[in-house]
Structures are given as C-alpha cells and as structure tokens.
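Here the structure comes first, spelled out in structure tokens, and everything after it is commentary.
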Amino acid sequence: MTTEHPAPLTPEDFDAQDAELDAMRVNDDEIPQWEFCEGFLAALVCSRRVIAPEEYWEVLLSEQFQPMQHMEFVLRWRRRWAEVEAALDAPVQTLEDERAYIPEVLDTRGAVMSLPEEERGDTDLASLPAYAQVWALGFMYAVEAWPQDWEPPRDADAARMLDVSLSQIVTLTEDDTAKPAFSMFAEDGPPSVSALRMEQFHEAVWGVYDLRQLWKSLGPRVEPMRKEAGPGRNDPCPCGSGKKYKKCHGA
C-alpha cells in the first residue's frame with residue numbers, strides 16, 4: 001500500500017479510532033469495534049489480491065461510509081496498514097521481537113473483572129468476548145467476503161499451509177472456556193485469559209505470517225485462458241463456401 005513507514009499508532013491513536021467508530025455507530029449500530037477492524041485489516045494485508053479501498057470500505061463500514069468525511073480515521077488506518085505490513089515482512093524469529101506483529105486486541109473480561117464489584121453490575125462475564133475473539137472474527141469476515149481470493153492453491157503443500165493457518169485463526173473465533181491463568185488487562189489483575197488461549201493466540205499470529213508469505217510467494221491468481229470452440233469437422237465452413245469445414249479451411 002505504501003513503501004514509507006509512518007509513525008506507529010499510539011494508544012491515543014487507537015482510542016481515536018474507536019471514538020470515530022462510536023460516533024458512526026450512532027447512525028448505524030452495525031459499525032464494528034476497532035478490534036474487529038484490526039483483524040479485517042490484517043486479512044487485507046495478507047490477501048492474495050490487492051483489494052482497493054473503494055472495495056473494502058463498504059464491506060467493513062457500509063456503503064454510506066465517506067472516506068473524505070473521516071479523513072483522520074483513514075489516515076490512521078493507512079498508518080496501521082503500513083505498520084502491519086512492515087511487521088509481517090520482517091524476518092522475526094520470536095514474537096518478543098520489537099518488529100513483530102502484535103494485534104491490537106482487548107481483554108474485555110479482564111477489564112470488567114478489575115472493576116470494583118459494585119461497579120460491575122449484573123454483567124455476565126461469559127457473554128463478553130474472549131481475548132482476541134473479536135480480532136479473529138474481523139479477520140475471517142474479510143476472508144469470507146472475498147472467498148475467490150482465498151481459494152486453496154493447486155499445490156498440495158501450499159493448500160495445507162493455507163488450511164492450517166486459517167484454522168489457527170478460526171480457533172480464536174470461539175470462546176475461551178479453559179481455566180483463566182493471566183490478566184492481559186493488568187499485571188496484577190484477576191485471571192481472565194487461559195494459558196491455552198495465549199498459546200492459540202500466538203499460533204494464530206504465526207498463522208498470519210504464513211498467510212502473508214504464502215500469497216506473496218504465489219502472486220495474484222491467474223485465470224486460465226479459455227479457447228472459443230471452433231466449428232466441428234462436419235460443420236459448414238465459416239468462410240461461407242458451402243463446403244464442410246474438414247473439406248475447406250479445416251483440411
């Protein structure tokens with residue numbers, strides 16, 4: 001999308017993105033949270049085909065979205081795109097590397113559990129999204145929106161890599177029902193995320209790396225050339241001679 005590397009988004013930038021989405025949601029309650037957009041963006045970065053903004057904005061934010069009216073949102077989106085793209089192309093060996101891609105995800109359950117009990121109200125923790133669940137849903141939403149661009153390649157090993165990588169992300173679209181062991185909201189917060197979930201999260205991030213490299217190595221899909229059917233040997237020759245094709249231009 002760009003060869004430049006603008007400044008990474010700050011926590012304040014992410015807050016600003018969510019604030020703009022909140023404002024849009026006043027008129028359209030289907031406008032997603034930023035975490036969903038984050039997953040959607042990552043899938044676009046990984047897509048086999050470069051999908052143009054005019055094509056993806058209406059899928060993510062409806063046909064009514066006008067980029068020029070939300071230019072600050074769009075500019076931060078572009079910065080995040082460049083940041084994710086650079087991270088996925090960096091030769092990292094561990095997610096501890098400062099160059100690694102780390103999705104911007106929320107520990108919603110951890111945030112609620114960290115509140116004083118009287119402030120939680122009657123919130124049902126099980127009804128809240130699990131850690132990275134909304135991000136994974138956003139990623140798969142983009143995959144499902146352009147299925148032709150995510151069709152398995154002919155090469156068996158490449159098709160297997162695609163299936164494994166997508167399966168790792170799909171796993172995160174499900175609930176985290178294992179025993180909580182960590183809080184990703186606060187170091188000393190009550191446990192809200194299981195050890196299994198963290199393992200699945202890391203696997204999904206590596207899956208995103210594999211998808212980026214897979215489609216980069218294969219390049220855009222090339223549609224096979226289709227040759228128009230010619231006249232049969234016993235059909236009249238199209239030259240108008242009145243002879244059969246096999247006795248005329250097909251001889």
Side-chain angles (χ1 to χ4, degrees), residues 1-2 6-85 87-88 101-109 111-112 123-124 127-151 165-166 169-175 204-205 207-208 211-212 215 220-221:
M1 190 168 184
T2 177
L9 264 61
T10 64
E12 291 74 23
D13 286 320
F14 287 118
D15 288 343
Q17 294 298 79
D18 258 324
E20 288 215 41
L21 292 168
D22 288 342
M24 296 180 212
R25 203 173 296 117
V26 172
N27 297 317
D28 184 351
D29 59 8
E30 293 188 359
I31 295 295
Q33 301 169 353
W34 174 258
E35 183 175 337
F36 187 95
C37 296
E38 172 87 7
F40 190 92
L41 183 152
L44 291 176
V45 171
C46 293
S47 178
R48 184 169 190 175
R49 174 175 64 91
V50 176
I51 299 175
E54 56 268 23
E55 188 176 351
Y56 64 67
W57 282 135
E58 66 177 41
V59 174
L60 178 62
L61 299 175
S62 84
E63 297 177 355
Q64 283 68 48
F65 179 74
Q66 298 295 325
M68 293 302 294
Q69 296 178 12
H70 300 276
M71 188 50 64
E72 290 300 320
F73 180 91
V74 172
L75 291 175
R76 284 188 291 263
W77 170 278
R78 291 175 180 172
R79 284 169 55 196
R80 182 57 176 165
W81 183 299
E83 186 180 359
V84 172
E85 195 171 51
L88 293 178
Y101 169 56
I102 302 299
E104 183 67 17
V105 298
L106 301 175
D107 180 8
T108 305
R109 293 178 182 176
V112 172
T123 303
D124 179 12
S127 68
L128 299 175
Y131 185 69
Q133 186 173 16
V134 176
W135 171 84
L137 289 169
F139 193 104
M140 294 309 302
Y141 185 73
V143 172
E144 293 162 5
W146 292 279
Q148 70 279 5
D149 294 309
W150 292 85
E151 290 180 358
S165 299
L166 288 178
I169 297 168
V170 168
T171 296
L172 289 186
T173 66
E174 301 171 357
D175 195 7
V205 173
V208 175
L211 291 170
R212 170 71 173 171
W215 291 140
R221 184 181 299 278

After noting the C-alpha distance and the side-chain angles of F40 and V59, does the key distance pass the side-chain contact (heavy atoms from CB on, under 4.5 Å) rule?
CA-CA 10 Å; F40 190 92; V59 174; 4.1 Å; yes
Could you report the tightest heavy-atom contact between R212 and V45, atom names first, then the distance?
NH1-O, 2.9 Å
Could you check whether any side-chain N or O of D15 sits under 3.5 Å from a backbone N or O of E12, counting only pairs where one atom can act as donor and the other as acceptor?
no
Residue pair R79 / D13, side-chain heavy-atom distance below 4.5 Å
yes
Heavy-atom check, side chain of S47 versus side chain of L211, under 4.5 Å:
no
Spatial distance of atom CZ (R109) from atom CG (L128) [nearest 0.5 Å]:
6.5 Å
Side chains of V84 and R80, heavy atoms from C-beta outward: is any pair under 4.5 Å?
yes
Do the charged groups of E20 and R76 touch, with an N to O distance under 4.0 Å?
yes
Any Lys/Arg nitrogen of R48 or E151 sitting under 4.0 Å from an Asp/Glu carboxylate oxygen of the other?
no
Would you call the rings of F139 and W135 parallel, tilted or perpendicular, where under 30° means parallel and over 60° means perpendicular?
tilted
W57 vs V74 side-chain heavy atoms within contact, under 4.5 Å
yes
Test Y56 against every option in Y141, W146, W77 by the ring pair (Phe, Tyr, Trp, His ring centres under 6.0 Å) rule and name the one that passes.
W77
Going from CD on E83 to OH on Y101, what distance comes out if it is rounded to the nearest 0.5 angstrom?
9.5 Å
Does E38 reach the main-chain N or O of V105 with its side chain, forming a donor-acceptor pair under 3.5 Å?
no
Does any non-hydrogen side-chain atom of V134 lie less than 4.5 Å from one of L106?
no
Do D22 and R25 come within less than 4.5 Å of each other through their side chains, counting heavy atoms only?
yes
What's the separation between atom CD in Q17 and atom CD in Q33, rounded to the nearest 0.5 Å?
14.0 Å
Compare all side-chain heavy atoms of M140 with those of L166 and state whether any distance is below 4.5 angstrom.
yes
Please tell me if the side chains of L21 and F73 come closer than 4.5 Å, counting only heavy atoms from C-beta onward.
yes
Is it true that a side-chain atom of D107 and a backbone atom of Y131 form a donor plus acceptor pair closer than 3.5 Å?
no
